[in-house]
Protein chains: 2
Amino acid sequence: MAVQVLTVLAYKAGEPVTSTLLAASVNTNPVVIRRLLLVLQTAGFVETRKGASVGSRLCQPPQRIDLAQIYRAVETAEPFKLPQRSMDHPCAVGHCIQAALIQVFAATETALERELAKTNLAHILALVEKSCGQSRQRPH
Amino acid sequence: MAVQVLTVLAYKAGEPVTSTLLAASVNTNPVVIRRLLLVLQTAGFVETRKGASVGSRLCQPPQRIDLAQIYRAVETAEPFKLPQRSMDHPCAVGHCIQAALIQVFAATETALERELAKTNLAHILALVEKSCGQSRQRPH
DNA sequence: AAATATGCAACTTTTGAGGTTACATTTAAC
DNA sequence: GTTAAATGTAACCTCAAAAGTTGCATATTT
């Protein structure tokens, strides 16, 4: 969802967009969008201003925002993490396996992020424009 | 969890293990393990027999089972999938963006699987044995 | 001053994974 | 054969995380 919102903002190319409009584009609730925007603000991707007829806009060029950054900013629950087993009955094998898997999964995580870093918002924007052949800067 | 169970089975090197024992090792419930074993059976990783004093064992060498296969067999909800937005109010931009993101995420998925395919159970087993210096084949 | 947007708190809803219980069925072992 | 031990499976519960909802204070443009 974060990627989708950022893509819309990139599409609007600096023009501020309200959370209501973004919500309509992603087909969800404005408050959900605002919560997301807070995260994207602290990550330094967007700038938001309060007040009438304003909203949020990208504060970095789309080329400088890649998927790995977005992933790190947004992700809460890592896809490759072991469920925190309580190990009350400390089976040695189980314990060692956990330690080993943590290593493996950490490696997978970094590989994933390296992969995500290859794509940035500009790439995605190009894809969007190509795939539906619409002109830039024409809102809605 | 699937990886953990399969690692234990690999550790036992063909010796059948009951779901109760596996559950103890992962610190969970036997039924959960059995549910997982059904999936691993249809994926062709393990063989299970009913009856007294038997259980499950690997039916492939650990070298031939890699993390990508396990991932595909087990995973239900893809980490990089768009939430199925209903698009009742068909905003053209939103629609195109979704189409583009599907492409991007599919590419990420395949990259992830390519990465996971680099590690197999034998690798993990070696890590386990190295990291806690225990001899093979000594159960528990 | 009024209209419009965000910030934020509190609550509900939804969804999926995991856990639990219970029981029929199968099979090795005695 | 009988029995003990194991799986297969259904039906439920629990729990956490994400999303959605409502309401209102606050800020800012016009």
Side-chain angles (χ1 to χ4, degrees), chain A residues 1-5 8-9 12 15-43 45-57 59 70-71 73-89 94, chain B residues 1-5 9 12 15-43 45-57 59 70-71 73-89:
Chain A
M1 188 164 89
V3 181
Q4 199 164 348
V5 166
V8 175
L9 289 179
K12 302 287 183 167
E15 180 184 339
V17 186
T18 71
S19 63
T20 306
L21 198 60
L22 285 171
S25 175
V26 189
N27 203 43
T28 181
N29 193 290
V31 179
V32 176
I33 297 293
R34 274 181 237 154
R35 277 205 284 253
L36 176 59
L37 284 174
L38 291 182
V39 175
L40 299 179
Q41 279 165 41
T42 63
F45 298 149
V46 303
E47 228 174 32
T48 301
R49 284 162 63 201
K50 288 177 164 183
S53 69
V54 284
S56 304
R57 56 189 180 84
C59 62
I70 302 175
Y71 175 78
V74 164
E75 211 66 16
T76 62
E78 319 267 313
F80 299 105
K81 220 193 56 191
L82 305 177
Q84 192 64 343
R85 308 245 164 254
S86 42
M87 281 297 139
D88 24 315
H89 151 346
Chain B
M1 189 163 87
V3 182
Q4 200 164 347
V5 166
L9 289 179
K12 302 287 182 167
E15 181 183 339
V17 186
T18 69
S19 64
T20 306
L21 198 61
L22 285 172
S25 175
V26 189
N27 203 43
T28 181
N29 192 290
V31 179
V32 175
I33 296 293
R34 289 204 277 265
R35 278 204 283 251
L36 175 58
L37 283 174
L38 290 182
V39 176
L40 299 179
Q41 280 165 40
T42 63
F45 298 148
V46 304
E47 227 173 33
T48 301
R49 286 162 62 202
K50 289 177 164 183
S53 70
V54 284
S56 304
R57 58 189 179 81
C59 63
I70 302 176
Y71 175 78
V74 165
E75 211 65 16
T76 60
E78 320 266 314
F80 300 105
K81 218 194 57 190
L82 305 177
Q84 192 65 343
R85 308 246 165 254
S86 44
M87 280 297 141
D88 24 317
H89 150 346

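Chain naming here is simple, since letters A, B, ... match the order of the sequence lines and numbering starts at 1 in each.
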- Task: Write down the distance between CD (E47(A)) and P (dT6(C)), rounded to a whole number of angstrom.
- Result: 14 Å
- Item | Nearest atoms (heavy-atom pairs only) where V39(A) meets T42(A) | O-OG1, 2.9 Å
- Item | For the student: nearest non-hydrogen atoms of V54(B) and P16(B), plus distance | C-CB, 4.2 Å
- Message: Which heavy atom of V74(B) sits nearest to which heavy atom of A2(B), and what is that distance?
- Response: CG2-CB, 3.5 Å
- Taking the side chain as every heavy atom from C-beta outward, state whether L21(A) and V8(A) have any atom pair closer than 4.5 Å. no
- Tell me: CG of L36(A) to P of dA18(D), nearest whole Å? 12 Å
- Query: Which heavy-atom pair separates S25(A) from Q4(A) by the least distance, and what is that distance?
  - Reply: O-NE2, 4.2 Å
- Query: What does nucleotides 2-11 of chain D look like as a protein-contact string, B for base, S for sugar-phosphate only, - for none, at under 4.0 angstrom between heavy atoms?
  - Reply: --BBSBBBBB
- Listed by chain and number, what are the salt bridge (charged side-chain N to carboxylate O under 4.0 Å, His left out) partners of R34(B), not counting sequence neighbours? none
- Query: Hey, does the side chain of N29(A) come within less than 4.0 Å of dA19(D)'s phosphate (OP1/OP2), counting only N and O?
  - Reply: no
- Note on the structure: Heavy-atom closest pair (E15(B) atom, R57(B) atom, distance to 0.1 Å) is O-CB, 4.0 Å
- Task: Heavy atoms only: give me the nearest A23(A)-P30(A) pair and the separation to one decimal.
- Result: CB-N, 3.5 Å
- Atom pair distance, as rounded to whole Å: CE in M1(A) and P in dA17(D): 18 Å
- Estimate the overall bend of the helix from dA1(C)-dT30(D) to dC30(C)-dG1(D) from the end axes over five pairs each, rounded to 10 degrees. 20°
